[in-house]
Amino acid sequence: MKPKLEIKNLHASVEDKEILKGVDLTVQGGEFHVIMGPNGTGKSTLASVIMGNPKYTVTQGQILLNDEDITEMPVDERARKGLFLAMQYPQEVPGVTNSDFIRTAIQARTGQTVPLYKFIMEYDRAIERLKMNSDLPHRYLNDGFSGGEKKRNEILQLLMLKPNIAILDEIDSGLDVDALRIVGDAVNSMRSETFGCLMITHYQRILDYIKPDRVHVMMQGRIVKSGGIELIEKIDKEGYDWIKDELGIEDERVIIEEENARPSLLGECATRKALE
Amino acid sequence: MYKDSQFESLKNKQSIHLETTQYPRIGKIKMENFAFDNIKTSLVKEDKVSELPDEIKSKIDDFENIIVFKDGNIIYTNLNENFNSIKITSLFDALDNNDQEVLSLLEEHLQTLNDDRLVTLNKTHLNSFLYIKVPRNQIIKETLKVYILGSRDLAHMTLINLETNSELTIVEHLESLQSIRFNYISETYVKDNAKLNYIAIDRLSDNTTAFIGRNGYVQNDASLVYALGQLNDGNTLSKNHIKLIGRNSYAESRNVLFTDKDNTHIVLINMEHLAPYSVGFINNHGIVKDKGYLFVDGVGKIHRGMNGSNSQQSTSIINLSDEARVNANPYLLIDEYDVNAGHGAAIGKVNEDQLYYLMSRGLYKRDAEKLIIFGFLTPILELITSENIKTSFINTIDKKLSDD
Ligand SMILES: Nc1ncnc2c1ncn2[C@@H]1O[C@H](COP(=O)(O)OP(=O)(O)OP(=O)(O)O)[C@@H](O)[C@H]1O
Ligand SMILES: [Mg+2]
């Protein structure tokens with residue numbers, strides 16, 4: 001069956017600050033979508049909310065996975081239903097080995113115990129494919145990993161868990177040219193009718209390996225423009241100003257610092273000076 | 001029934017001393033409630049067995065190179081020839097053989113008066129005694145496993161002597177076969193350039209109230225590493241006092257502390273630097289659950305003139321429940337300026353970002369929590385040399401984590 005992720009008019013906030021302000025998006029099996037956008041426009045927040053990070057509250061709208069409403073579902077259940085998020089900043093978990101972790105995850109996902117031998121074979125093969133060190137299974141999860149190693153480890157988990165819908169948040173940031181090719185090829189090899197992918201990126205480079213079907217631009221917590229591959233080329237050459245001009249956006253960020261915080265502080269200082 | 005008059009009269013002297021000694025004062029905890037004084041001991045001799053009864057077998061994780069010590073008697077030994085050079089003796093053996101070496105050490109021990117009421121109680125009621133000596137230059141590569149079991153109230157003392165240049169790794173288990181009162185002390189001497197790894201796993205059952213005092217004396221260039229797993233199911237007062245008495249001596253006290261149900265566990269650790277260039281580490285990893293109360297005091301003390309010493313201490317505790325309580329106090333008492341020292345304590349819940357990360361791959365919350373907790377305990381689990389014992393230790397914690 002072709003998987004399908006649907007986002008409908010999604011609003012979400014953290015600590016009473018609204019960050020997502022009405023996102024609509026559909027990703028189906030066989031499709032690769034790209035989200036671009038300047039810093040602080042809500043891309044990672046969108047990824048986290050789709051995955052079910054409990055820090056964020058959905059205030060309006062819906063997330064559907066294969067026509068099932070998962071808006072209120074806990075993160076682990078979403079993962080077991082085939083959703084995956086490669087994080088922009090993967091967490092370090094000292095003391096937990098990569099292999100214990102990924103094996104437990106596969107068992108949770110499939111509901112079956114994985115024979116150790118079969119698991120080791122498959123894990124070693126995936127590690128080799130991503131040109132990672134062979135001692136990786138015994139190292140602690142992302143503990144002391146370089147930026148690039150952490151990103152590769154996210155993709156390694158992707159290969160092992162074989163999700164139906166994957167969101168990759170800046171998987172290309174911090175990778176050298178060779179690593180970029182290895183990761184790009186690995187992700188591209190997942191392409192099939194039973195796999196849909198949403199990639200967040202700032203760079204055109206990764207797209208040398210992965211050809212997206214749709215490109216979206218995020219600003220102010222919304223998707224403000226969608227198009228084909230030509231959109232990326234234009235952004236790469238000209239930046240985002242032309243989109244802002246076109247849409248009449250002055251500040252693309254979601255949260256804009258309040259300007260009057262400083263003067264009130266100054267005022268306080270002045271008062272104290274006067275008292276002295 | 002034994003009636004060695006000299007031995008009994010020494011114990012009597014201690015019982016007179018008991019009238020003037022007090023319990024240690026620990027926060028607002030009422031030590032009287034532990035009712036350590038209710039201990040009633042007797043000396044009962046038992047024969048060796050060639051086959052352990054099932055009840056005891058079930059408490060044993062590893063049958064290689066073990067001694068089973070029950071109610072003061074060595075009831076079972078299975079040691080290979082590598083242990084031939086070590087001396088292992090019980091009180092009964094010493095009395096039977098009129099072993100002057102051991103009896104005079106015991107006499108000296110019983111003659112010494114101590115201000116601590118719990119130690120005095122131990123001496124007054126002593127009915128279980130184990131002596132282990134590794135002679136000079138003997139390096140024992142394999143691990144010695146000692147199971148100390150009690151089916152009646154026990155006032156036990158283990159005396160360990162590592163002579164100059166010797167080495168040993170010992171795993172000591174405390175287990176109760178009934179609800180008993182357990183008053184335990186060990187005195188460990190690590191002589192010049194000797195090396196002892198001392199792994200202790202305390203797994204006393206429900207309703208067993210315990211005092212466990214482990215004292216270590218570390219001489220020149222010697223090393224003593226304690227790895228203590230305190231998993232008792234009853235109220236416990238546990239003390240670990242290490243005296244670094246030799247130059248360039250080294251000691252660690254690494255502890256896994258698990259306090260659950262409605263138990264109170266008091267853990268006092270004291271690293272005392274009594275020689276220059278001595279190095280001491282205290283490292284506590286605690287988990288509290290249900291309505292448990294864990295009280296941890298760690299003291300690193302460097303005396304005047306002990307230059308070049310290094311005293312480090314860290315405590316981290318995961319609190320899994322809203323009803324559990326934790327009190328952790330790291331102290332550094334330093335009377336010398338040319339030293340290196342540091343301390344810290346952190347108490348918190350399971351790290352939420354780590355939990356989210358693991359769960360985002362499909363792990364059930366419970367499994368994710370367990371992985372994180374075992375990850376947190378890894379620095380201590382790594383010190384357990386026997387795979388069987390490590391597995392059983394992990395299983396015990398696993399079971400405690402799963403119990404609601
Ligand atoms: N947990 C949070 N707590 C407070 N503010 C947050 C939180 N998460 C996101 N924000 C804020 O929401 C805004 C959008 O952040 P987000 O990380 O989604 O941006 P982004 O588009 O991914 O940016 P970048 O390209 O830099 O990765 C930022 O102003 C950020 O500070
Ligand atoms: Mg981001």
Side-chain angles (χ1 to χ4, degrees), chain A residues 47-56 73-111 138-143 150 153-154 156-164 166-167 169, chain B residues 227 229 254-258 283-287 314-320 322 344 346-384 387 390-391 393-395 397-398 401-402:
Chain A
S48 298
V49 173
I50 297 172
M51 194 67 232
N53 188 330
K55 278 189 186 152
Y56 302 92
M73 199 179 269
V75 52
D76 54 324
E77 216 177 316
R78 296 183 200 201
R80 290 193 297 273
K81 290 206 184 275
L83 201 58
F84 182 92
L85 169 61
M87 301 192 191
Q88 186 175 1
Y89 304 109
Q91 194 65 38
E92 298 192 6
V93 192
V96 176
T97 62
N98 285 293
S99 76
D100 277 352
F101 164 55
I102 199 71
R103 190 156 169 243
T104 316
I106 294 171
Q107 282 172 358
R109 169 107 162 82
T110 58
H138 316 293
R139 285 184 68 188
Y140 296 139
L141 185 49
N142 295 328
D143 188 24
K150 283 183 186 167
N153 199 17
E154 294 291 283
L156 180 63
Q157 293 172 35
L158 174 79
L159 294 180
M160 293 300 289
L161 288 169
K162 305 181 187 72
N164 304 113
I167 305 160
D169 193 356
Chain B
R254 296 185 188 266
N255 306 287
V256 169
L257 312 167
F258 201 116
N283 195 301
N284 299 312
H285 290 243
I287 295 163
S314 75
T315 296
S316 34
I317 293 166
I318 295 181
N319 186 343
L320 294 173
D322 295 331
I347 302 166
K349 298 203 175 302
V350 172
N351 183 314
E352 277 178 19
D353 293 328
Q354 292 181 344
L355 198 60
Y356 167 67
Y357 185 66
L358 299 192
M359 287 173 70
S360 81
R361 301 300 185 240
L363 270 70
Y364 291 89
K365 186 172 186 188
R366 186 168 268 199
D367 292 339
E369 268 182 354
K370 270 186 192 168
L371 274 183
I372 294 169
I373 289 167
F374 282 113
F376 164 77
L377 299 179
T378 297
I380 294 167
L381 293 174
E382 278 171 355
L383 297 176
I384 304 180
E387 279 307 315
K390 193 191 292 181
T391 306
F393 186 78
I394 289 171
N395 290 343
I397 292 177
D398 201 21
L401 287 171
S402 307

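Just so it is clear, the values below take in all heavy atoms, side chains as well, and ignore hydrogens, waters and symmetry mates. Note on naming: letters A, B, ... go to the chains in the order of the sequence lines (proteins, then strands), and numbering restarts at 1 for each one.
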Looking only at heavy atoms and a cut-off of under 4.5 Å, which of R361(B), E382(B), K365(B) has the most pairs with chain A?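 Top option by heavy-atom pairs under 4.5 Å: R361(B).
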
Where on [X] is there a heavy atom nearer than 4.5 Å to chain B: the side chain, the backbone, both, or neither?
X	result
K81(A)	neither
E92(A)	backbone
I102(A)	neither
L85(A)	both

Do you know which of P74(A), G52(A), A108(A) has the most heavy-atom pairs under 4.5 Å to chain B?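 Ranked by contacts with chain B, first place is A108(A).
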
Is the closest side-chain heavy-atom distance between [X] and [Y] below 4.5 Å?
X	Y	value
V96(A)	K370(B)	no
S360(B)	Q157(A)	no
P54(A)	E352(B)	no
D100(A)	F374(B)	no
Y356(B)	N53(A)	yes

How far apart are the closest heavy atoms of Y357(B) and P90(A), and which atoms are they?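 That would be OH-CB, 4.0 Å.
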
Minimum heavy-atom distance Q91(A)-D353(B), with the two atoms named: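 Where Q91(A) meets D353(B) most closely, the heavy atoms are OE1-CB, 3.3 Å.
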
CZ/R109(A) to CG/L363(B) distance, rounded to the nearest 0.5 angstrom?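 Going from the CZ atom of R109(A) to the CG atom of L363(B) covers 13.0 Å.
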
Keeping R80(A) on the side-chain end and G362(B) on the backbone end, is there a donor-acceptor pair under 3.5 Å?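 A pair under 3.5 Å: yes.
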
Chi angles and distances behind the side chain to side chain contact (heavy atoms under 4.5 Å, CB included) call for L358(B), T104(A): CA-CA 10 Å; L358(B) 299 192; T104(A) 316; over 6 Å; no

Any Lys/Arg nitrogen of D76(A) or R366(B) sitting under 4.0 Å from an Asp/Glu carboxylate oxygen of the other?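 No, no charged N to carboxylate O under 4.0 Å.
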
